Amino acid sequence: MDWKTALMDSGIWLAKAYAATIAIAIVTVWLLSRHTVWGRQFSALAADYFSPRRHWRPIATLAFILFLTLCAVRLDVLFSDWYNTMYTSLQQLDEAGFWMAMLLFAVLASVHVLRSLLDFYVQQAFTIRWREWLNEKLLSQWLDKQSYYRSQYLDTAVDNPDQRIQQDITVFTQMTLSLSMGVVNALVSTVAFTIILWNLSGPIAVFGAEIPRAMVFLVFLYVLVATVFAIKIGRPLILLNFLNERFNADYRYALVRLREYSESIAFYAGEKVEGALLRSRFAQVIGNAWAIVYRSLKFLGFNFSVTQAAVVFPLIIQAQRFFSKQISLGDLMQTSQAFGRLQDNLSFFRNAYDDFATYRATLNRLSGFTRAIDDAHALPEPELRSEGGRLALEGLTVKTPGGDLLLDKLHMEVEPGKPLLIRGPSGAGKTTLLRAIAGLWPYCDGTIVRPERDILFLSQKPYLPLGTLRNALYYPQPSPQDAAATPHGSGTPAAEVLKQVQLGHLVGKLDEAADWARILSLGEQQRLAFGRLLLARPLAAFLDEATSAMDEGLEDAMYRLVRERLPDTILVSVGHRGTLLSHHAQQLTLKGNNTGAWEVSAAA
C-alpha cells in the first residue's frame, strides 16, 4: 500500500463519487417527491427549509455532510487495503513492512477520528438549526388564525398536538439526516467493496458449472433473500410504532388532566373513575409494547441469525484457495472484511427497517398535524369588519355544528355608555354568540362590525398564565417593569388596580412566580380579570358569566368600578342573575329551542 498513490487515488475517487452521488440524489428526491406519498409528505415539511431562495446555509451544510460521509467510505476502503498489507507482512515475516503498516494505521486512525468528530458536530448543528426552523414554522401555523382552537371543530381532531410539535419534530429532523446519510454510505460502500471483492473473488464450481467471481453473486443473493424475509417480518412494526406514540401521549394527557382538575376530582371522590380511565389507557400502552416486543423478537432473531452466518461464510468459500496458496493471508482477511462490509451495506435496509418504521410513523404524524392546521384554516369564518370603535351585528345567523339554528339574522348595535346584557335559557347560544363575535365560531353567516384591536373577552374561568402575578394581571399584554418604583411594587398601577378590585392582600406578591390558577379561588381569579380589564382599557369588553363566583355585593362593586373607570368602553355581558339588569341599559334575550328567535329590549 503506497500512501502517496493512495492519497492521489482517494482524491480522484472522492471527486467522482461526490459528483455521481449528488446527481443521483437530486433525481431520486425529485422522483420520490412526485411519485410517492411519503416523498410528498417530506417535501411539504422540508422543501422550504432547503430552498436556496430562503438561505444558502442548509444546502451548503448538507453538501458538506455528504462529503464527510463519502470520506468515511473512502477511509473504510483504505482500512481494507491496510488489513491486506498488515496480514501479508505478518505472513511473510516482513518486519519493516509491518512497522510501516503501523505508521499508516496511525495516519488513517488520526484522520478517521478527526473526520468523525467534525461529522458529529456538523450533523448536530444541522439538526438543531433545522429543528429550530421547523418548530417555528409549525408553531406559527398552529397559532395562526387560532388553529389551536378551531381544530376542535374538525371532523377528525388532531390528537396530542403538543407531542407532535415537541417530540416528533426532533425525531423527524434527526432521523431524516441519519437515515439519508446511512443510505448514501450503504450504497456507495456497496459499490466500493463490490470492486474489492470482485478482484479478490475466484471461481466456484456449482453442479459441474464454474461460476467466475462467485462470491460477489453469492453475497448479493444472500442479502436479497434475507431482506425480503426481513421486510415481511418487520412490516407490522410501522403501525405498532405509530400506536406506541399515540397511546403513550394519550396516557400522559390523562395524567396531566388528573393534576389539572385535582381539586374537582377530589371533591367528587372520583378516584375510582379516574383510576379506571388511567389503567385502561396504560393497558393500551402495555399491550402495544408487548406486541412490539414479540414482533421485534422475530425481526431481530432473524437479523442476528443472518448476520452471524455471514461471519464464517467468506472464510469457508476462500479456504480452499488459501490452502492451495492461490491467495495470501492478507487476501483472505481482506476478503472476509470486504465480504462483511458488503454484507452490512446490503443489509442496511433490512437492519434499519425498524428505524424506517419509526420514521414513517413520525412522518405520518407530522403530516397529519399540518393537514389538520390547513383544514382548520379552511373552516368558514364570519365576516369581520372594522369601523373604528363601532360594535354592530348585521344579519348574523349562528348555528350549531350539527346545523341547528341558534340565532337567525340578528341585527343590533351596542353603543358606549349603553351596556348590553345577553340572557336566555341554557343552550340557547349566549356564549356561542360571543365566540362568533370573537371570530372563533365557524358555523355562522352575516357581518360582525367590531374594533380590530383593543377588545377583551373575560370568561367565567379566567386564564392565568404561568409566571408572576403581575404577568397574569396584564395578560395578554406584556407587563411593564414598574415593580422597582416602590418596595414590593406597592405604588405601581398594578398595585392600585389590585386594591380597587379588592385584592389588596396580594400586592406584596405581585412579582412572585407561581401557579396562580391553583392558588387563587375562582372568585379571586374573576376579580383579577376585572383588574386586567381596568389596566387594558379596551374599546369593547365582553364578559361571559364573569361574576358567577362572586357574591352580589362584589358583583355590584365590580360593575360600578368598570362603569366609573371605563365610561367609554362598549360593554357586553352574558349572565343569568337578575342583579345584572341594573348595570345594563339593554338586554338581548335568546329564545332557544333551536328556533333562532331573539328579542332586544330595555333592561328592567
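The structure displayed is predicted, hence computed values, not measured ones. Sequence positions, counted from 1, serve as the residue numbers for this chain.
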Tell me the closest heavy-atom pair linking L384 and A436, and the distance in Å.
CD2-O, 4.5 Å
Side chain to side chain contact (heavy atoms under 4.5 Å, CB included) involving D408 - partner list, sequence neighbours excluded
T397, L405
Beyond-backbone contact of L396 with L433, side-chain heavy atoms, under 4.5 angstrom:
yes
Contacts of L539 that satisfy side chain to side chain contact (heavy atoms under 4.5 Å, CB included) - sequence neighbours left out
P451, D454
Test salt bridge (charged side-chain N to carboxylate O under 4.0 Å, His left out) applied to D404 - qualifying residues, sequence neighbours left out:
none
Going by ring-ring contact (aromatic ring centres under 6.0 Å, His included), name the pairs with one or both residues in residues 360-401, residues two or more places apart or in two chains.
W142-F369
Distance-only, no hydrogens or angles: does the H411 side chain make a donor-acceptor pair with backbone N or O of G395 under 3.5 Å?
yes
Could you list all the side chain to side chain donor-acceptor pair (under 3.5 Å) pairs where at least one residue sits in residues 359-373, not counting sequence neighbours?
Q41-N364, Q163-R365, D168-R365, T176-Y359
Please enumerate all residues that pass side chain to side chain donor-acceptor pair (under 3.5 Å) together with E599, with sequence neighbours excluded.
K591
Minimum heavy-atom distance N135-I165, with the two atoms named:
OD1-CG2, 3.4 Å
Residues A376 and L154: closest non-hydrogen pair is N-CD2, 3.9 Å
Those residues at least two apart in sequence (or on a different chain) that pass salt bridge (charged side-chain N to carboxylate O under 4.0 Å, His left out) with D48 are K137
Evaluate whether atom OH of Y253 has more than 12 neighbouring non-hydrogen atoms of other residues, nucleotides or ligands under 6.0 angstrom away.
no
CZ (R54) with more than 12 external heavy atoms under 6.0 Å
yes
Contacts satisfying side chain to side chain donor-acceptor pair (under 3.5 Å) that involve residues 523-535 (not counting sequence neighbours) are H505-E524, S521-E524, Q526-S548
Heavy atoms of G531 and L473 approach each other most closely as C-CD1, 3.8 Å
Considering residues at least two apart in sequence or located in another chain, which fulfil the salt bridge (charged side-chain N to carboxylate O under 4.0 Å, His left out) criterion with D544?
none
Using every non-hydrogen atom in the two residues, find where I448 and P382 come nearest and quote the distance to one decimal.
CD1-CB, 3.8 Å
If a pair satisfies salt bridge (charged side-chain N to carboxylate O under 4.0 Å, His left out) and one of its residues is in residues 563-588, list it, with sequence neighbours excluded.
E555-R577
Kindly write out the residues that satisfy ring pair (Phe, Tyr, Trp, His ring centres under 6.0 Å) with F282, not counting sequence neighbours, or none if the list is empty.
Y251
Looking only at heavy atoms, what is the nearest atom pair of L543 and A546, with distance?
CB-CB, 3.8 Å
Given 3.5 Å as the limit, does a donor-acceptor pair link the side chain of S151 with the main chain of S147, or not?
yes
With sequence neighbours left out, the residues meeting salt bridge (charged side-chain N to carboxylate O under 4.0 Å, His left out) with R131 are none
